[in-house]
Amino acid sequence: MESTSEREEPVSGELVSVAHALSLPAESYGNDPDIEMAWAMRAMQHAEVYYKLISSVDPQYLKLTKVDDQIYSEFRKNFEKLRIDVLDPEELKSVSAKEKWRPFCLKFDGVIEDFNYGTLLRLDCSQGYTEENTIFAPRIQFFAIEIARNREGHNKAVYNSVQNEEGEKGANRGAKENNKGGEKEKEANEGINKSGETSM
């Protein structure tokens with residue numbers, strides 16, 4: 001009787017279909033709404049986290065990647081005059097702009113994880129993520145522009161705005177608490193009769 005210690009496991013149908021799906025060219029998938037929705041949700045989560053970050057920490061001190069210095073110097077070397085406080089979508093999306101951006105982006109293939117992954121980028125950096133103020137951009141383009149905005153002080157407007165709002169809320173809370181204190185003082189004074197004695 002011949003025994004073998006290794007048994008051949010049958011390959012499940014699910015594994016075969018996954019392997020087959022991975023071997024197909026990307027064009028065969030078309031626009032799968034489930035994939036698009038998952039991507040959009042991830043991009044929005046990234047945007048929300050980033051906005052909270054620049055709202056709560058002075059952006060000039062933020063480090064977004066391990067290679068911020070390299071990204072910033074390459075960006076400003078290649079896009080020296082690009083206005084980044086309020087972006088012109090044509091400077092990012094036109095045919096001529098894409099030709100200029102492509103070599104820049106490819107320099108970071110293997111340096112930045114998912115360097116070409118789609119992200120949301122604000123057009124006007126003094127504003128939040130809204131439909132009118134947001135475009136899609138590759139991740140490295142997002143990093144390049146946001147690192148420059150942080151270092152050049154453009155994102156400070158968001159930070160200052162949020163800090164001022166929180167300061168006003170705190171002042172309003174303080175005023176309400178002071179007002180409550182004033183009401184208690186008034187009630188206490190009403191409890192004192194004209195002769196200066198406290199009524200019981």
Side-chain angles (χ1 to χ4, degrees), residues 35-94 96-98 100-176:
I35 292 173
E36 288 179 0
M37 182 57 75
W39 174 84
M41 287 172 51
R42 182 173 172 196
M44 194 60 214
Q45 287 171 340
H46 174 265
E48 288 172 351
V49 167
Y50 181 69
Y51 194 78
K52 285 178 184 175
L53 187 62
I54 63 172
S55 298
S56 59
V57 176
D58 188 340
Q60 74 183 34
Y61 300 112
L62 288 178
K63 189 163 176 78
L64 301 181
T65 73
K66 293 178 182 177
V67 292
D68 279 13
D69 294 336
Q70 180 186 355
I71 293 171
Y72 181 71
S73 64
E74 285 290 331
F75 171 67
R76 278 306 183 198
K77 185 168 71 175
N78 289 284
F79 302 95
E80 184 179 346
K81 296 182 182 183
L82 180 66
R83 183 176 171 200
I84 58 172
D85 58 338
V86 179
L87 294 169
D88 176 358
E90 287 299 308
E91 295 283 342
L92 305 171
K93 301 292 183 182
S94 70
S96 62
K98 286 181 179 180
K100 192 169 182 182
W101 276 100
R102 188 172 295 112
F104 170 83
C105 293
L106 291 174
K107 285 181 185 176
F108 294 96
D109 185 5
V111 177
I112 297 294
E113 186 178 340
D114 297 329
F115 78 103
N116 63 348
Y117 190 82
T119 58
L120 299 176
L121 180 64
R122 294 169 301 136
L123 293 171
D124 180 345
C125 69
S126 68
Q127 304 297 315
Y129 285 93
T130 63
E131 190 174 337
E132 302 78 30
N133 194 42
T134 307
I135 60 168
F136 297 115
R139 190 169 189 218
I140 187 59
Q141 201 173 41
F142 166 85
F143 280 140
I145 292 168
E146 291 297 340
I147 289 167
R149 284 174 167 175
N150 291 342
R151 290 184 176 198
E152 296 172 17
H154 298 292
N155 277 336
K156 189 113 177 173
V158 170
Y159 174 73
N160 288 338
S161 171
V162 170
Q163 297 308 307
N164 289 341
E165 285 176 18
E166 288 179 1
E168 288 174 12
K169 286 179 186 175
N172 288 341
R173 273 193 299 265
K176 285 180 183 176

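FYI, the numbering just counts along the sequence from 1. As a basis for the values below, the full set of heavy atoms in this structure was taken, side chains included, without hydrogen atoms, waters or symmetry mates.
Between Lys156 and Asp58 there is a salt bridge, since at least one side-chain N of the basic residue sits less than 4.0 Å from a carboxylate O of the acidic one. Here Arg122 pairs with Glu146 in a salt bridge; the nearest charged N to carboxylate O distance falls below 4.0 Å.
Shown here is Lys66, whose NZ atom has no more than 12 heavy atoms of other residues, nucleotides or ligands within 6.0 Å. By the neighbour-count criterion of 12 heavy atoms within 6.0 Å, atom NZ of Lys93 is densely surrounded, having more than that number from other residues, nucleotides or ligands.
For an aromatic pair to be called close, the ring centres must be under 6.0 Å apart, and Phe143 with Phe108 fails this.
Across all non-hydrogen atoms, the minimal contact from Phe75 to Ala148 is CE2-CB, 3.6 Å. Closest heavy-atom contact between Val158 and Cys125: CG2-O, 3.1 Å. Shown here for Leu120 and Phe142, the closest heavy-atom pair between the two residues is O-CD1, 3.6 Å. Nearest heavy atoms, Ala144 versus Ile71: CA-CG2, 3.6 Å. Closest non-hydrogen pair, Ile84 versus Glu152, comes out as CD1-OE1, 3.4 Å. Here the shortest heavy-atom pairing between Pro138 and Asn116 reads CB-CA, 4.1 Å.
Remark: the Ser161 side chain and the Asn164 side chain contain no N/O donor-acceptor pair separated by less than 3.5 Å.
The CG atom of Asp68 sits 8.5 Å away from the CG atom of Asn150 when rounded to the nearest 0.5 Å. Between the OG1 atom of Thr119 and the CD atom of Gln141 there is a distance of 8.0 Å, given to the nearest 0.5 Å. A distance of 7.5 Å separates CD of Gln163 from OG of Ser56, quoted to the nearest 0.5 Å. From Ile140, atom CD1 reaches atom CD1 of Ile145 across 10.5 Å, with rounding to the nearest 0.5 Å. Residue Asp85 holds its CG atom at 10.5 Å from CG of Asn155, rounded to the nearest 0.5 Å. Taking CG from Asp124 and OG1 from Thr134, the interatomic distance works out to 10.5 Å, rounded to the nearest 0.5 Å.
Side-chain contact check for Phe79 versus Glu91: every heavy-atom pair is 4.5 Å or farther apart. With a 4.5 Å cut-off on side-chain heavy atoms, Leu82 and Arg76 count as touching. Side-chain contact check for Leu121 versus Leu92: some heavy-atom pair is nearer than 4.5 Å. Taking the side chain as every heavy atom from C-beta outward, Arg149 and Ile54 never approach each other to under 4.5 Å. Leu62 is not listed as a side-chain neighbour of Tyr159, based on a closest heavy-atom distance of 4.5 Å or more.
Below 30°, between 30° and 60°, or above 60°: for His46 and Tyr50 the angle between ring planes is below 30°, a parallel geometry.
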Applying side-chain contact (heavy atoms from CB on, under 4.5 Å), run through Glu48 and Tyr129 and close with a yes or a no. CA-CA 8 Å; Glu48 288 172 351; Tyr129 285 93; over 6 Å; no
Mind running side-chain contact (heavy atoms from CB on, under 4.5 Å) on Leu106 and Phe115 for me, showing each step along the way? CA-CA 8 Å; Leu106 291 174; Phe115 78 103; 4.1 Å; yes
Mind running side-chain contact (heavy atoms from CB on, under 4.5 Å) on Lys107 and Val111 for me, showing each step along the way? CA-CA 8 Å; Lys107 285 181 185 176; Val111 177; over 6 Å; no
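For the pair Asn160 (side chain) and Ala157 (backbone), a donor-acceptor distance under 3.5 Å is absent.
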